[in-house]
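All remarks here apply to the structure that follows.
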Amino acid sequence: MKQYYIFTYGCQMNESDSERLAHQLELAGYEGTDNFEEADLIILNTCCVRETAEHKIYGRIGELKHLKAKNKDLIIAITGCMAQKNQADMFKRAPHIDIVLGTHNLRHINEMVAEVQRTHKHQINIEMDNTVLHELEAKPTGTFSAWVPIMNGCNKFCTYCIVPHVRGREISRPIEAIVEDVKKLGATGHKEITLLGQNVNSYGLDFKDGTHFGDLIDALDGIPGIERIRYMTSHPQDMNKDMIDALGRSSNVVTQLHLPIQSGSNRILQKMNRRYTVEHYKELIDYCREKIKGLTLTTDLIVGFPGETEEDFQATLQLLKDIRYDMAYTFIFSKRSGTPAATMADQVPEEVKRVRLQALMDVQNEISLELNKAMEGETYEIIVEGPSRNDENVWFGRTSGNKMILFPKDESLSIGQTVKARVDKAQTWILYGTIV
Ligand code: SAM
Ligand code: SF4
Ligand code: F3S
């Protein structure tokens with residue numbers, strides 16, 4: 001039997017796409033291997049959101065050259081966002097790859113592989129059709145959790161971001177199709193699902209019949225077997241009280257909200273084409289905290305956007321102190337060719353960006369630690385995920401708010417079991433506890 005291996009980079013959307021690629025390949029008789037050096041087909045499902053992501057992937061592509069030299073029948077395919085962005089240039093930079101497959105064409109993987117086998121020539125398909133969303137079945141890889149895409153694409157065009165260019169326009173999946181998927185997952189032992197979209201709050205807007213994200217949340221309430229519904233990513237522009245009410249009243253939506261703000265300066269938000277203000281954002285958070293008890297709040301922030309002054313940056317630091325996020329994902333602005341911000345005047349020097357990133361992380365780490373410390377002595381429901389990365393005798397689980405609690409391995413527990421854990425000791429990113 002021929003074997004495949006998929007390297008997945010980037011966001012959860014790509015994780016989910018890789019599961020769809022895997023299903024397609026298995027239909028064609030391939031089986032997965034854990035060792036890429038033994039594979040007959042290697043797929044790199046790629047990301048290009050920042051330059052660092054592209055560097056890392058080109059590095060890996062370079063490393064695969066020696067495998068190709070050893071096995072001339074090995075097929076290497078580049079799929080996803082970087083394939084969509086760099087197109088045929090990928091062959092120029094790395095002639096040893098065989099296939100470049102764009103984000104709208106994953107369903108063609110098997111035909112492309114067959115063409116390479118027949119012709120031994122480069123194959124490329126980067127066509128985009130923004131009018132249809134092709135349903136593709138997945139091979140779920142999680143034991144108790146699963147991804148559920150609810151839409152594709154992004155219409156926001158934030159001036160720094162490549163995603164709308166490589167993923168195309170927003171198209172939502174019908175509520176019935178999503179409910180059907182979730183029912184199946186519930187019936188096959190999956191107790192946690194994560195709804196995926198670049199902006200879940202724009203869900204259904206393309207139906208133009210008043211359907212919104214809150215309707216989907218209501219429709220998913222109470223599906224047998226499903227204990228937790230996660231969702232990402234939320235967007236402050238489209239999120240509204242109706243949706244927050246639905247999140248608050250659902251019996252299984254989690255207490256975590258990831259709501260990227262990107263900057264604490266209204267001037268920079270405007271330049272980013274993020275069409276909300278810090279004041280509006282704070283009102284949303286107040287309402288979320290009122291409706292979703294025990295809310296855990298996380299965000300994304302970019303430092304060093306073109307024209308960001310010391311005053312703008314101080315506004316971001318102040319925002320962190322005002323909002324007190326549980327965690328923030330902080331990024332240094334990265335120029336993406338083809339986006340407006342890449343050529344804006346007043347690019348911030350690299351050294352300044354690095355200093356700002358560190359200052360931001362210092363403030364945030366202190367807040368994260370304080371909030372985690374407040375959890376000491378409290379008991380939380382967690383779903384057991386298994387051994388921690390560094391020690392197989394230490395297991396971990398996550399709370400509804402997505403906080404990780406580590407505890408000593410206990411033979412009587414199994415992966416996917418829902419148990420209660422008391423937090424004994426808090427650190428900045430993790431908690432140590434005891435099963436009670
Ligand atoms: N759709 C989501 C949103 O609007 O927040 C997230 C999309 S993106 C995959 C994840 C994060 O990457 C963004 O929230 C942003 O902070 C960051 N990002 C996107 N483009 C970037 C760039 N050019 N440089 C640095 N960070 C970037
Ligand atoms: Fe990128 Fe903005 Fe779309 Fe998020 S909303 S994917 S940051 S363009
Ligand atoms: Fe990267 Fe594409 Fe996701 S650019 S972050 S993999 S949508």
Side-chain angles (χ1 to χ4, degrees), residues 6-18 21 44-57 78-86 101-104 106 128 147 149-170 195-203 205 231-239 257-264 268-269 271-276 281 298-306 308 316 325 327-344 347-348 350 353-354 356-357 360:
I6 307 179
F7 288 97
T8 305
Y9 300 87
C11 63
Q12 291 80 3
M13 203 65 93
N14 260 16
E15 302 269 350
S16 165
D17 282 348
S18 289
L21 282 165
L44 287 87
N45 193 19
T46 60
C47 171
C48 57
V49 75
R50 282 170 289 275
E51 203 178 3
T52 44
E54 288 200 72
H55 279 317
K56 193 164 137 193
I57 296 165
I78 312 299
T79 62
C81 296
M82 186 173 154
Q84 193 67 50
K85 172 172 169 281
N86 298 347
L101 193 58
T103 54
H104 284 200
L106 300 185
M128 287 184 106
W147 309 117
I150 62 168
M151 59 202 293
N152 192 30
C154 177
N155 293 353
K156 289 284 184 281
F157 288 95
C158 301
T159 53
Y160 50 81
C161 187
I162 196 74
V163 173
H165 306 266
V166 293
R167 287 264 170 185
R169 297 294 65 72
E170 277 169 8
L195 307 177
L196 296 178
Q198 287 303 339
N199 304 295
V200 292
N201 307 97
S202 316
Y203 173 79
L205 296 185
Y231 56 99
M232 67 190 330
T233 300
S234 302
H235 194 297
Q237 184 182 329
D238 296 315
M239 193 175 204
L257 168 64
H258 180 63
L259 191 61
I261 184 153
Q262 313 298 358
S263 169
I268 294 296
L269 287 176
K271 288 187 76 179
M272 287 176 161
N273 193 30
R274 299 282 296 188
R275 297 179 182 196
Y276 51 84
Y281 183 94
T298 57
T299 199
D300 290 348
L301 290 160
I302 296 178
V303 292
F305 185 82
E308 184 188 67
T316 300
Y325 292 103
M327 194 155 85
Y329 299 88
T330 47
F331 306 107
I332 285 184
F333 167 71
S334 170
K335 280 189 198 171
R336 303 285 65 207
S337 58
T339 64
T343 50
M344 280 181 188
Q347 296 284 332
V348 177
E350 291 305 314
K353 288 184 192 170
R354 271 197 296 277
R356 286 183 185 168
L357 181 75
L360 206 59

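Indexing begins at 1, ligand by ligand and atom by atom, following the structure's order. Heavy-atom basis, side chains included; hydrogens, waters and symmetry copies ignored. Just so it is clear, the model here is predicted, and its values are computed rather than measured.
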statement: If you scan protein heavy atoms around atom 15 (C) of ligand 1, the nearest is Gln262 OE1, 3.5 Å
- prompt: Counting heavy atoms only, which part of Arg167 comes closer than 4.0 Å to ligand 3: side chain, backbone, both or neither?
  reply: side chain
field: Protein heavy atom at shortest distance from atom 3 (Fe) of ligand 2
entry: Cys154 SG, 2.3 Å
message: Taking 4.0 angstrom as the limit and counting only heavy atoms of Thr233, give me the atoms of ligand 1 inside it, by number and element.
response: 2 (C), 5 (O)
query: For Leu101 and Leu106, which heavy atoms make the closest approach, and how far apart are they?
result: CD2-CA, 4.1 Å
Donor-acceptor under 3.5 Å (Asn14 side chain, Thr46 main chain): yes
query: Backbone, side chain, both or neither: what part of Tyr160 comes under 4.0 angstrom of ligand 2, heavy atoms only?
result: side chain
- prompt: Mind checking whether His258 and Tyr231 have ring centres under 6.0 Å apart?
  reply: no
- prompt: Has Gln198 got any heavy atom lying under 4.0 angstrom from an atom of ligand 3?
  reply: yes
message: Yes or no: does Ile162 have any heavy atom under 4.0 Å from an atom of ligand 1?
response: no
query: Please state which protein non-hydrogen atom is closest to atom 7 (C) of ligand 1 and give its distance, to 0.1 Å?
result: Gln198 OE1, 3.5 Å
message: Set out, in order, the CA-CA distance, both residues' side-chain angles and the distance that settles side-chain contact (heavy atoms from CB on, under 4.5 Å) for Ile332 and Arg354, then state yes or no.
response: CA-CA 7 Å; Ile332 285 184; Arg354 271 197 296 277; 4.1 Å; yes
field: Sub-4.0 Å atoms of ligand 1 with respect to non-hydrogen atoms of Pro260
entry: 5 (O)
- request: Output the list of atoms in ligand 3 that are nearer than 4.0 Å to some heavy atom of Asn14, sorted by atom number.
  value: 6 (S)
message: Against ligand 3, does Val166 come closer than 4.0 Å with any heavy atom?
response: no
task: Considering heavy atoms of the protein only, find what lies nearest to atom 25 (C) of ligand 1 and give residue, atom and distance to 0.1 Å.
output: Ile332 O, 3.3 Å
field: Interfacing atoms of ligand 1 (cut-off 4.0 Å, heavy-atom, Phe333)
entry: 24 (N), 25 (C)
message: Any heavy atom of Arg274 closer to ligand 2 than 4.0 angstrom?
response: yes
query: Does the pair Asn273 and Lys156 meet the rule for a side-chain contact (heavy atoms from CB on, under 4.5 Å), with working shown?
result: CA-CA 8 Å; Asn273 193 30; Lys156 289 284 184 281; over 6 Å; no
query: Relative to ligand 2, is Pro260 under 4.0 angstrom through side chain, backbone, both or neither, heavy atoms considered?
result: neither
field: Protein heavy atom at shortest distance from atom 21 (C) of ligand 1
entry: Tyr160 CD1, 3.7 Å
message: Suppose I only count heavy atoms of Arg336 and a 4.0 Å limit; which atoms of ligand 1 are within that range?
response: 23 (N)
task: Considering non-hydrogen atoms only, spot the tightest contact between Pro306 and Met344 and give its length.
output: CB-CB, 3.8 Å
- prompt: Can you check side-chain contact (heavy atoms from CB on, under 4.5 Å) on Met232 and Val200, steps first, answer last?
  reply: CA-CA 6 Å; Met232 67 190 330; Val200 292; 5.8 Å; no
query: In ligand 3, which numbered atoms sit nearer than 4.0 Å to a non-hydrogen atom of Cys81?
result: 2 (Fe), 4 (S), 6 (S), 7 (S)
- request: Could you list the atoms of ligand 2 found under 4.0 angstrom from a heavy atom of Pro164?
  value: 8 (S)
field: Glu170 vs Tyr203, side-chain contact (heavy atoms from CB on, under 4.5 Å): CA-CA, chis, key distance, verdict
entry: CA-CA 8 Å; Glu170 277 169 8; Tyr203 173 79; over 6 Å; no
- request: Pick, from Arg50, Gln12, His258, His235, the option with the minimum heavy-atom distance to atom 26 (N) of ligand 1.
  value: Arg50
message: Using 2.8 Å as the threshold, say whether any N, O or S atom from Cys11 sits that close to atom 3 (Fe) of ligand 3.
response: yes
Ser202 and its side chain to side chain contact (heavy atoms under 4.5 Å, CB included) partner, picked from Met151, Met239, Gln237, His235: Met151
message: So for Arg274, does at least one of its heavy atoms come nearer than 4.0 angstrom to any atom of ligand 1?
response: yes
field: Atoms of ligand 2 close to Phe157 [distance to a heavy atom under 4.0 angstrom, numbered from 1]
entry: 8 (S)
query: Is the CZ atom of Arg275 crowded by more than 12 outside heavy atoms at less than 6.0 Å?
result: no
task: Answer side chain, backbone, both or neither: which part of Cys158 comes under 4.0 Å from ligand 2, heavy atoms only.
output: both
task: Using a strict cut-off of 4.0 Å, indicate which atoms of ligand 2 neighbour a heavy atom of Val163.
output: 6 (S)
- prompt: When only distance counts, is Ser334 in polar contact with ligand 1, meaning an N/O pair under 3.5 Å?
  reply: yes
- prompt: Is Cys48 near ligand 3, meaning one of its heavy atoms is under 4.0 Å from it?
  reply: yes
message: Taking 4.0 Å as the limit for heavy-atom contacts, which would you say applies to Asn199 with ligand 2: side chain only, backbone only, both, or neither?
response: side chain
- request: Please find out if atom 3 (Fe) of ligand 2 and some N, O or S atom of Cys161 are separated by less than 2.8 Å.
  value: no
message: I'd like to check which ligand 3 atoms, numbered from 1 as shown, lie under 4.0 Å from a non-hydrogen atom of Cys47.
response: 1 (Fe), 4 (S), 5 (S), 6 (S)
query: Got the closest protein heavy atom to atom 8 (S) of ligand 1, with its distance?
result: Val49 CG2, 4.2 Å
Per atom 10 (C) of ligand 1, closest listed option by heavy atom (Asn201, Ile261, Asp300): Asp300
